[in-house]
Undergrad: 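Here it is, the structure in full.
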Amino acid sequence: MSNRFAVILAAGKGTRMKSDLYKVLHPVCGKPMVEHVVDQLNVLKLDQLITIVGHGAEKVQEQLGDQTAYVVQKEQLGTGHAVQMAESYLKDKQGTTVVVCGDTPLLTSETMQELMDHHENEEAKVTVLTTIIDQPTGYGRVIRNSEGDVSKIVEDKDASQDEKAVKEINTGTYCFDNQLLFDALQKVSNNNSQGEYYLPDVLEIAKASGEKVTAYSTSNPDETIGINDRVALSKAERMMKERINESHMRNGATIIDPSNTYIGPDVTIGSDVVIEPGTKITGHTAIGNYTVIGPNTEIENSSIGAESTIKQSVVSDSKIGNKVQVGPFAHIRPASELHDEVKVGNFVEIKKTTMDQGSKASHLSYLGDAEIGKEVNVGCGSITVNYDGKSKHKTIIGDGAFIGCNSNLVAPVTVSSGAYVAAGSTITKNVPEKALSIARARQENKEGYVERLNKR
Ligand code: UD1
Ligand code: MG
């Protein structure tokens, strides 16, 4: 197999997005569009990826990291000029170069593989990925000669009335013989309505010098949508969402209302999971078998075990075990760990806290910076007082401890195993094992007080 490279075009500002955020960084299902492109290219295991950056170069590099090499295109003089920037990397290499735009996030590795196979089987020097769509406005049109062979691509802004009527479009994805590509780019001019060096002009140039130019037309036009404005962005979002939801349903998850369920591309879901309406699951989240999520729940970068239930709640950057019940209306904040069979109920907020097996905080609590043992019962309204106005302090609660309702545990403090804290206590000193700690004013009843008051 010869060498295979890819050039990703991502230098444009994306004027039509009307945004301060560079176009290729706009997220689709929570992930920047250019990263979707890189993810799909990574599946193909090419020899090298080169990303052309310009507007927002640092931000794009920060996002993609070392998955690709970068070349800066200082001035955006067109897609042909952009590819030329990769010359120093590729010019002297034998092989095939795939060029993709950073604004086509729905393109799959399968389609790119089919394009490369077609290019190699046909022994072509240039192959363009095309598709047929009903509303081709804005795209470059594929012009074929009387034999049906591709002769050139005409941009929408340069097209005649007849050419505008063509429904076969350039998807912006191509395979080139590497050496031909850089030779032909030398000959591309900017003599067109936009005054830009157009990459698609390479087709006509190659054809004129007798080289084989072909098109591979995909029957999945949805994959090829190029995002130039926010209307297209919302279409891409919907299509990506449908694609992701369908793949989870085919893998054995029930999604009650797919149109109202938002799952990111890096989420994994076990079998017989049920996802109720209004749920958003993003980042690197994993959900175990038989778990029920939602309704109206948000989970980000977290792992949830099997047979758990998360209802009307928000969970981020946390780890939740098996048979855990969360919600309704709980907030599990970053760096929390709920081990198996834990219960976190109504209006409970957990932050940077570990709850070991079988422990419960069923109602109205705040537990922050705490280490809670097994089978602990945190009574309704109890809180850890973890912040003294300057720093955060830790609360440790031993196995089997019982924290009565409405207690304040003023950290740093330890309630040892098996200890009881009486309801309404404000605990400022450690409680020894199996002790009962009462830290509140003693009740005094003044008999007959009200009658005396009324006589005054
Ligand atoms: C381009 C194609 C068009 C095709 C469409 C598919 C050209 C001239 N036209 O049009 O035939 O139908 O894609 O979506 O290629 N970029 C750079 N540097 C530049 C200019 C652009 O890196 O100097 C990048 C952009 O960031 C973008 C990609 O190239 O990711 C495509 O540019 P864009 O302006 O979106 O081209 P289209 O008008 O969509
Ligand atoms: Mg575009």
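As the structure is a prediction and not an experimental result, all values here were calculated from the model. Just follow the structure's listing: the first ligand is 1, and inside any ligand the first atom is 1.
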Undergrad: Near Gly102, which atoms of ligand 1 are under 4.0 Å from a heavy atom of that residue?
TA: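 That gives atoms 30 (O) of ligand 1.
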Undergrad: Quick one, Val38 and Asn42 - any side-chain contact, counting heavy atoms below 4.5 Å?
TA: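 In contact.
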Undergrad: Using heavy-atom distances, let me know which of Thr104, Asn170, Val99 sits nearest atom 12 (O) of ligand 1.
TA: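 Comparing heavy atoms across Thr104, Asn170, Val99, the nearest one to atom 12 (O) of ligand 1 lies in Asn170.
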Undergrad: Give the contacting part of Asn228 toward ligand 1: side chain, backbone, both or neither, where contact means a heavy-atom distance below 4.0 Å.
TA: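 Contact part for Asn228 vs ligand 1: side chain (C-beta onward).
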Undergrad: Answer yes or no for atom 1 (C) of ligand 1: protein heavy atom present at a distance under 4.0 Å?
TA: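 Looking at atom 1 (C) of ligand 1, one finds that no protein heavy atom lies closer than 4.0 Å.
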Undergrad: For ligand 1, is there an N or O atom under 3.5 Å from any N or O atom of Tyr139?
TA: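 No; the residue has no nitrogen or oxygen that sits under 3.5 Å from a nitrogen or oxygen of the ligand.
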Undergrad: Would you indicate which of Leu9, Thr51, Ile227 comes nearest to atom 27 (C) of ligand 1 when only heavy atoms are counted?
TA: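 Answer by nearest heavy atom: Leu9.
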Undergrad: Distance under 4.0 Å to a non-hydrogen atom of Pro200: what atoms of ligand 1 satisfy this?
TA: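 Taking each heavy atom of Pro200 in turn, ligand 1 has 7 (C), 8 (C), 15 (O) under 4.0 Å.
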Undergrad: With a cutoff of 4.0 Å, is Ile169 in contact with ligand 1, counting heavy atoms of the residue only?
TA: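 Distance cut 4.0 Å: Ile169 fails for ligand 1.
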Undergrad: Among protein heavy atoms, which sits nearest to atom 31 (C) of ligand 1, and what does the distance come to when rounded to 0.1 Å?
TA: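 Result for atom 31 (C) of ligand 1: Cys101 SG, 3.7 Å.
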Undergrad: Side chains of Gln63 and Leu25: closer than 4.5 Å at any heavy-atom pair?
TA: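 Yes. Closest side-chain heavy atoms under 4.5 Å.
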Undergrad: On the six-membered ring of Tyr387, is Lys392 placed so that its NZ or CZ lies under 6.0 angstrom from the centre and within 45° of the ring axis?
TA: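 Geometry flag: set, cation within 6.0 Å and 45°.
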Undergrad: If you count heavy atoms of other groups shown closer than 6.0 angstrom to NZ of Lys352, is the number above 12?
TA: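 Open.
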Undergrad: Compare Ala82, Gly78, Gly226 and give the one whose heavy atom is closest to atom 20 (C) of ligand 1.
TA: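 It is Gly78 that holds the nearest heavy atom.
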Undergrad: Hey, does Ile169 have a side-chain heavy atom less than 4.5 Å from the side chain of Thr131?
TA: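 Yes, at least one pair of side-chain atoms sits under 4.5 Å.
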Undergrad: Can a non-hydrogen atom of Glu196 be found less than 4.0 Å from any atom of ligand 1?
TA: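 Judged by the 4.0 Å heavy-atom criterion, Glu196 does not count as contacting ligand 1.
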Undergrad: Could you report the tightest heavy-atom contact between Met17 and Arg230, atom names first, then the distance?
TA: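 Looks like O-NE, 2.9 Å.
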Undergrad: Report yes if some N/O of Asp103 lies less than 3.5 Å from some N/O of ligand 1; otherwise report no.
TA: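 For ligand 1, there is an N or O atom that lies under 3.5 Å from one belonging to Asp103.
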Undergrad: Below the 3.5 angstrom mark, is there an N/O of Tyr198, backbone or side chain, next to an N/O of ligand 1?
TA: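 No - when backbone and side-chain N and O of Tyr198 are compared with those of ligand 1, no distance drops under 3.5 Å.
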Undergrad: Among all protein heavy atoms, pick the one closest to atom 15 (O) of ligand 1 and tell me residue, atom and distance.
TA: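 Minimum-distance protein heavy atom for atom 15 (O) of ligand 1 reads Thr79 OG1, 2.7 Å.
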Undergrad: For ligand 1, find out whether one of its N or O atoms is nearer than 3.5 Å to an N or O atom of Ala11.
TA: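 Yes: some nitrogen or oxygen of Ala11 is under 3.5 Å from one in ligand 1.
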Undergrad: Looking only at protein heavy atoms, identify the closest one to atom 25 (C) of ligand 1 and say how far it is in Å.
TA: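 Sorting protein heavy atoms by distance from atom 25 (C) of ligand 1 puts Gly12 N, 3.8 Å first.
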Undergrad: If you take all heavy atoms of Thr297 and Gln312, which pair is closest and at what distance?
TA: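 Heavy atoms of Thr297 and Gln312 come nearest at OG1-N, 2.9 Å.
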Undergrad: Could an N or O of ligand 1 be found under 3.5 Å from any N or O of Gly140, whether backbone or side chain?
TA: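 Min N/O separation from ligand 1 is below 3.5 Å for Gly140.
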Undergrad: Judged on heavy-atom distance to atom 17 (C) of ligand 1, which of His81, Gln73, Arg16, Gln76 sits nearest?
TA: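 The residue whose heavy atom sits nearest atom 17 (C) of ligand 1 is Gln73.
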Undergrad: Return the name of the atom in Asp103, of element N, O or S, nearest to the Mg ion (ligand 2).
TA: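 Nearest N/O/S atom of Asp103: OD2.
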Undergrad: Is the Mg ion (ligand 2) less than 2.8 Å from an N/O/S atom of Asn228, whether that atom is in the backbone or a side chain?
TA: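 So Asn228 does bind the Mg ion (ligand 2) by this criterion.
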Undergrad: Which of the numbered atoms in ligand 1 are below 4.0 angstrom from a heavy atom of Lys23?
TA: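 Here the atoms of ligand 1 in question are 35 (O).
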Undergrad: Are Glu276 and Lys311 close enough, and set up right, to give a salt bridge (Lys or Arg N to Asp or Glu O under 4.0 Å), and what steps lead you there?
TA: CA-CA 9 Å; Glu276 302 276 0; Lys311 279 187 179 190; over 6 Å; no
Undergrad: Quick test: of every protein heavy atom, which one is nearest to atom 9 (N) of ligand 1, and how far off is it to 0.1 Å?
TA: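 So the nearest neighbour among protein heavy atoms is Glu155 OE1, 3.0 Å.
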Undergrad: What atoms of ligand 1 come within less than 4.0 Å of a heavy atom belonging to Thr171?
TA: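 By the 4.0 Å cutoff, the relevant atoms are 6 (C), 14 (O).
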Undergrad: Does a sphere of radius 6.0 Å around NZ in Lys93 hold more than 12 heavy atoms from other residues, nucleotides or ligands, not counting ones at 6.0 Å or beyond?
TA: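 Yes, the 6.0 Å shell around NZ holds more than 12 heavy atoms from other groups.
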